[in-house]
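The structure under discussion appears below in the form of structure tokens.
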Amino acid sequence: MTSLEIQLIDTDYQVEDGEVFIRGFGKTSEDENILFYDREFLPYLYAVPEKEVELDELKQKIEDTEFSNEDTDIPVRNLEKKSLIDGSEEIEVLKVFSSIPAMIPKLKNELWDLPEINECREFDIPFYRRYLIDKDIRPGSWIEVQGEEEEGDLDQVLDVESIETGIEKDEDINWYTVAFDLEVYQEEIIMVSLYAEDFEKVITTEEIDRDFVETVENEEKLIKRLVEIIEDRDVDILTGYNTDEYDFDVLRNRAEHYNLTLAMGRDGERMKFNRRGRFKGARLKGRMHLDIYPFVSHVLAPGLDSETLDLDSVSEELLGLNKDDMSWEEMKTSWKNKEDLEKFSDYALKDSELAFKLTEELVPQILELSEITGLIPFDACRLTYGQLTENFLLREASERDIIASNRPSQDKRSKRRRQDAYSGGFVYTPEAGLYREIGLFDFKSLYPTVMVAHNISPDTLNIEDCEDRFSLEEFDYNFCQDEPGFFPELVRELVEDRSKIKEKMKNLDEDSQEYKSLDNRQQAEKILANSFYGYLGYSGARWYSRECAEATTYMGREYIHDTIEIAEEMDFEVVYGDTDSVLLEVEDIEDKADSFLEKVNSDLPEFMKLELEGIFKRGFFTSTDSGEGAKKKYALLAENGDMKITGFEQVRRDWSPVAKKTQKKVLRKVLENDVDGAVEEAKKTVEDLREGKIPVEDLKIYTTLTKKPENYGSTAPHVEAAKKAIRRGEDIGPGDTIAYVITRGGGTISSRAETIEYAQDYDSDYYIENQVLPAAIRVLKVFGYTEGQLKGEGKQSGLGRFS
DNA sequence: CTTGACCGGGG
DNA sequence: GTGTACGGTCAAG
């Protein structure tokens with residue numbers, strides 16, 4: 001008998017001779033790769049009997065019945081009576097075991113047809129996740145596996161007999177991480193870049209004068225070399241940016257083309273895509289392939305300022321780092337003409353370097369999330385917010401003997417979506433204009449704390465037998481306050497654990513490993529605590545409750561209103577407010593903030609708190625077309641000169657650089673209280689456009705071609721530009737991003753769109769009227785300027801010579 | 001105003 | 001794979 005302390009990396013299951021076994025991949029602190037088999041775990045579901053049915057009789061009936069489906073026998077291996085909590089009541093159910101996971105959906109259908117059975121539950125939980133939940137195994141924590149050694153390719157292979165969890169071991173595993181990135185030209189891989197802490201490489205078919213470049217004969221060798229490097233370096237974590245949808249897709253197609261097996265995992269099997277809805281995940285067994293783009297888009301995006309989630313903007317926001325400045329056009333030209341390949345290879349390497357650095361920042365968070373939710377890292381980094389939350393809830397429910405609700409049918413989901421939307425956060429209508437000395441105050445985790453303060457939870461909603469109810473006049477439902485509900489209890493645990501962690505962090509060196517790991521844990525807890533409100537209103541949720549979500553936002557609005565009222569009583573000018581924050585203008589704000597906070601916080605229930613988020617020396621709010629202040633569109637200027645811009649066009653990619661740059665300059669001048677200077681900036685750009693002084697680079701607008709140009713029903717500039725380029729022999733197809741410029745001449749705008757390579761001139765009027773002026777006037781109209789004035793026409797009609 | 005198509009990331 | 005899971009924006013109807 002061998003006993004090993006390991007951390008789990010990955011699990012799946014296999015079926016042999018009609019029997020299922022779990023595979024667990026892990027690692028010891030001595031860097032040994034471990035594979036264990038667990039042959040003792042069977043798939044099951046819960047059968048909930050009709051009310052008047054005698055459980056023992058039903059048990060007997062199921063034992064005596066031979067279930068089958070289209071000539072396949074559906075074995076029932078075991079039956080257990082269980083008492084579980086369903087909402088606010090306790091129910092008696094049967095736990096029905098079968099032989100292999102694939103039998104479970106079939107068994108569910110057969111059982112559900114029995115008149116004695118009301119419904120089945122928990123029949124759609126992936127087998128490997130069920131295993132981890134039931135065994136209380138969490139990736140990222142130590143477990144001890146005991147069993148007999150077997151033959152195998154990994155350092156040790158065990159046929160497991162027992163697993164012990166909750167092992168205290170003061171050691172972390174340093175996962176060996178490599179980021180990679182492909183460069184592709186005309187559907188062939190021309191470069192692979194790899195980046196690790198101790199290693200950087202670009203593999204390509206050209207000779208390039210760079211130390212990190214390794215030249216191979218052809219594309220086939222290039223793929224083989226990549227696989228070899230992953231294997232040789234025994235990579236634990238392979239990462240990249242959008243590698244699921246792009247790099248691995250290309251890699252698989254090209255490997256198929258050469259009849260190569262992409263065996264990049266630790267089990268020697270071919271890489272497979274896991275499909276989940278509209279996403280696919282490239283799964284390498286026994287290694288963690290963590291694509292960070294899905295994590296960024298599903299989990300981080302709501303908290304990011306950046307509107308686009310491309311590698312460049314995300315790295316800029318999270319790391320303060322940018323990609324090398326090389327456009328796709330330049331790259332194509334470079335490869336086609338075999339010129340400047342050094343620059344190209346630098347660019348390629350930079351991409352995987354950025355992906356690596358982003359990984360260093362995010363993977364610890366992903367691994368923490370994996371530990372808290374108990375999902376394997378592969379899942380933790382790909383699931384949506386709602387799915388992450390649900391998996392956390394499933395585990396917490398199981399620990400409390402709570403039986404999970406079923407996932408809603410497609411029909412039910414669309415009904416939920418169609419239901420009238422309930423009101424969300426309160427947004428205060430600002431007065432357009434310029435403000436100075438602004439304090440930004442916000443509630444710490446408003447919705448989670450509201451849920452705790454009022455015990456808002458699906459299992460406290462409208463309980464018959466209840467002493468103390470929290471009712472809202474507006475709604476005909478109430479929440480029982482007698483016992484903490486499932487959701488408030490979880491929020492409280494997360495929030496309390498989080499403040500304990502933050503307390504601990506105060507006494508630690510910020511650069512220490514312990515500080516960093518605690519920081520990642522509290523981040524992950526914050527992510528989860530904040531997800532519950534959204535989850536309750538998510539149509540696909542098992543624990544969906546429109547009432548809970550609605551009551552939560554309602555109370556959130558109440559608290560913001562109260563805060564605004566207090567601010568007004570204290571003679572602060574309320575500039576703006578959105579959901580959980582207020583912007584207040586007041587002289588000597590530093591001095592007055594404390595008494596304001598004290599007043600607000602003393603009125604709040606325990607657990608809720610308003611904080612001062614920051615002080616800004618100026619703020620600018622624009623107006624809508626009707627002239628009233630616009631919501632969610634403003635710019636703030638901090639003491640140190642940083643601008644925080646929200647909602648303006650300048651962050652959107654379907655605007656040309658010249659429009660975005662001008663708008664940014666105009667905003668900065670305005671925030672510096674120099675409106676004349678702002679007008680000058682706009683006028684100067686208009687003039688430069690007229691005189692043809694603006695480089696074409698600043699005029700291109702990006703749009704992605706999603707299908708073949710001839711398949712578009714409507715005309716659009718990027719489609720027309722693409723059609724013309726194709727006629728000239730360019731290789732352009734679906735997936736290509738078209739950089740186009742509107743050129744001079746007659747006809748519609750679309751007919752004058754040209755890809756940047758063929759743009760001989762540009763239509764200055766188009767750029768003035770449709771790009772620069774709308775972007776600039778969005779800001780300057782607040783000061784009474786019109787587009788005409790910015791074009792220079794205002795001089796005649798305004799205060800100029802005629803007045 | 002409602003409905004349906006498109007789009008994200010990557011090269 | 002205990003399968004098939006988004007959400008926002010914009011033009012067209």
Side-chain angles (χ1 to χ4, degrees), chain A residues 12-15 20 42-46 96-109 120-131 181-191 240-251 272-280 283 291-298 301-302 307-314 326-329 331-332 335 344 347-348 351 355 382-388 390 406-408 410 413 417-418 534 538-541 652-654 703-707 712-716 719 731-737:
Chain A
D12 67 351
Y13 73 91
Q14 295 197 318
V15 173
V20 68
L42 284 177
Y44 65 87
L45 54 75
Y46 291 118
V96 190
F97 294 82
S98 191
S99 55
I100 59 168
M103 289 297 169
I104 296 293
K106 297 183 170 66
L107 183 59
K108 170 207 63 171
N109 291 334
C120 295
R121 298 276 194 95
E122 304 200 10
F123 46 79
D124 56 358
I125 296 167
F127 190 56
Y128 68 95
R129 290 193 204 156
R130 176 94 268 172
Y131 178 78
D181 178 52
L182 303 184
E183 306 300 327
V184 177
Y185 179 68
Q186 297 184 335
E187 284 163 39
E188 285 187 23
I189 304 168
I190 54 173
M191 281 185 195
Y241 203 76
N242 205 21
T243 43
D244 277 344
E245 299 287 333
Y246 188 74
D247 302 71
F248 267 108
D249 194 47
V250 173
L251 215 41
K272 283 191 200 121
F273 281 115
N274 272 14
R275 275 236 142 260
R276 41 180 100 220
R278 55 183 280 274
F279 299 106
K280 57 180 184 289
R283 182 101 188 249
D291 179 355
I292 39 194
Y293 168 66
F295 182 71
V296 168
S297 89
H298 294 152
E307 293 217 3
T308 57
L309 299 176
D310 51 287
L311 180 59
D312 193 38
S313 7
V314 172
M326 190 168 185
S327 67
W328 173 227
E329 296 92 72
M331 279 158 38
K332 280 196 285 195
W335 189 258
F344 192 3
Y347 171 90
D351 258 15
R382 287 171 176 82
L383 294 187
T384 61
Y385 229 120
Q387 298 295 329
L388 275 174
E390 188 146 288
N406 287 335
R407 291 175 48 189
Q410 199 51 253
R413 293 184 62 162
R417 270 195 298 265
R418 274 201 308 275
Y538 158 55
S539 63
R652 304 179 47 144
R653 76 179 219 153
D654 47 356
T703 315
T704 305
L705 212 56
T706 51
K707 45 190 181 184
Y712 277 83
S714 54
T715 52
V719 179
D731 177 44
I732 294 177
D736 289 337
T737 298

### Task
For A:Leu311, answer base if it contacts any base atom (sugar-phosphate contacts may also be present), sugar-phosphate if it contacts only those atoms, and nothing otherwise; contact means non-hydrogen atoms under 4.0 Å.
sugar-phosphate

### Query
Any side-chain heavy atom of A:Trp335 within less than 4.5 Å of one from A:Met191?
yes

### Task
Quick one: label A:Leu182 by what it contacts on the DNA or RNA (base, sugar-phosphate, nothing), any heavy atom closer than 4.0 Å.
sugar-phosphate

### Query
On a whole-Å scale, what distance lies between the P atoms belonging to C:dG1 and C:dC6?
16 Å

### Query
Rounded to whole angstroms, how far apart are CD1 on A:Ile125 and C1' on C:dG3?
14 Å

### Query
Touch check for A:Glu187, heavy atoms < 4.0 angstrom, all strands: base, sugar-phosphate only, or nothing?
nothing

### Query
For the side chain of A:Ala102, counting heavy atoms from C-beta on, which of C:dA5, C:dG1, B:dG8 is nearest?
C:dG1

### Task
Please report, rounded to the nearest Å, how far the C1' atom of B:dG8 is from the CG atom of A:Asp310.
10 Å

### Query
Taking the side chain of A:Leu309 as heavy atoms from C-beta outward, which of B:dG10, B:dG9, C:dC6 is closest to it?
B:dG9

### Task
Pick base, sugar-phosphate or nothing for A:Arg413, based on heavy-atom distances below 4.0 Å to the nucleic acid.
sugar-phosphate

## Note on the structure
Whole-Å distance, A:Tyr128 OH to C:dG3 C1', equals 11 Å

### Task
Choose from C:dG1, B:dG10, B:dG8 the nucleotide whose nearest atom is closest to any side-chain atom of A:Asn242.
B:dG10

### Query
When all nucleic acid strands are considered with a 4.0 Å heavy-atom cut-off, which category describes A:Asp291: base, sugar-phosphate, or nothing?
nothing

### Summary
In whole angstroms, the gap separating C1' of C:dC6 from CZ of A:Phe295 amounts to 17 Å

### Query
At under 4.0 Å between heavy atoms, what does A:Gln387 touch on the DNA or RNA strands: base, sugar-phosphate, or nothing?
base

### Task
Starting at atom CG of A:Asp247, determine the distance to atom C1' of B:dG9, rounded to an integer number of angstrom.
10 Å

### Query
From the list C:dG7, B:dG8, C:dG3, which nucleotide is the closest neighbour of the side chain of A:Arg278?
B:dG8

### Query
Which of these nucleotides, C:dG1, C:dC6, C:dG3, is closest to any side-chain atom of A:Pro105?
C:dG3

### Query
NZ of A:Lys108 versus C1' of C:dG1: gap in Å, rounded?
14 Å

## Note on the structure
By nearest-heavy-atom nucleotide on DNA chain C, the more 5' of A:Pro126 and A:Phe279 is A:Pro126

### Task
Quick one: list whatever passes side chain to side chain donor-acceptor pair (under 3.5 Å) with A:Glu122, sequence neighbours left out.
A:Arg130

### Query
Taking only side-chain nitrogens and oxygens of A:Asn274, does any of them come within less than 4.0 Å of OP1 or OP2 of C:dG3?
no

### Message
Measure CG/A:Asp351 against P/B:dG10 and give the value in whole Å, please.
### Response
8 Å

### Query
When we call it a touch if two heavy atoms are under 4.0 Å apart, what does A:Tyr185 touch: a base, just sugar-phosphate, or nothing?
nothing

### Query
Base, sugar-phosphate, or nothing: which does A:Asp249 touch, judged by heavy atoms less than 4.0 Å apart?
nothing

### Message
Run the side chain to side chain donor-acceptor pair (under 3.5 Å) test against A:Ser98 and tell me which residues pass, sequence neighbours left out.
### Response
none

### Message
What is the distance, to the nearest angstrom, from the CZ atom on A:Arg276 to the C1' atom on C:dG1?
### Response
11 Å

### Message
Any side-chain to backbone donor/acceptor pair from A:Asp247 onto A:Leu182? Under 3.5 Å, distance only.
### Response
yes

### Task
Check whether any side-chain N or O of A:Asp181 sits under 3.5 Å from a backbone N or O of A:Gly240 as a donor-acceptor pair, and report yes or no.
no

#### Entry: Nearest-neighbour nucleotide for the A:Gln410 side chain, C:dG3, C:dA5, B:dG8 considered
C:dA5

### Message
Surrounding CD of A:Gln14 (heavy atoms of other residues, nucleotides or ligands, distance under 6.0 Å), is the total greater than 12?
### Response
yes

### Query
From the list B:dG9, C:dG1, C:dG3, which nucleotide is the closest neighbour of the side chain of A:Tyr241?
B:dG9

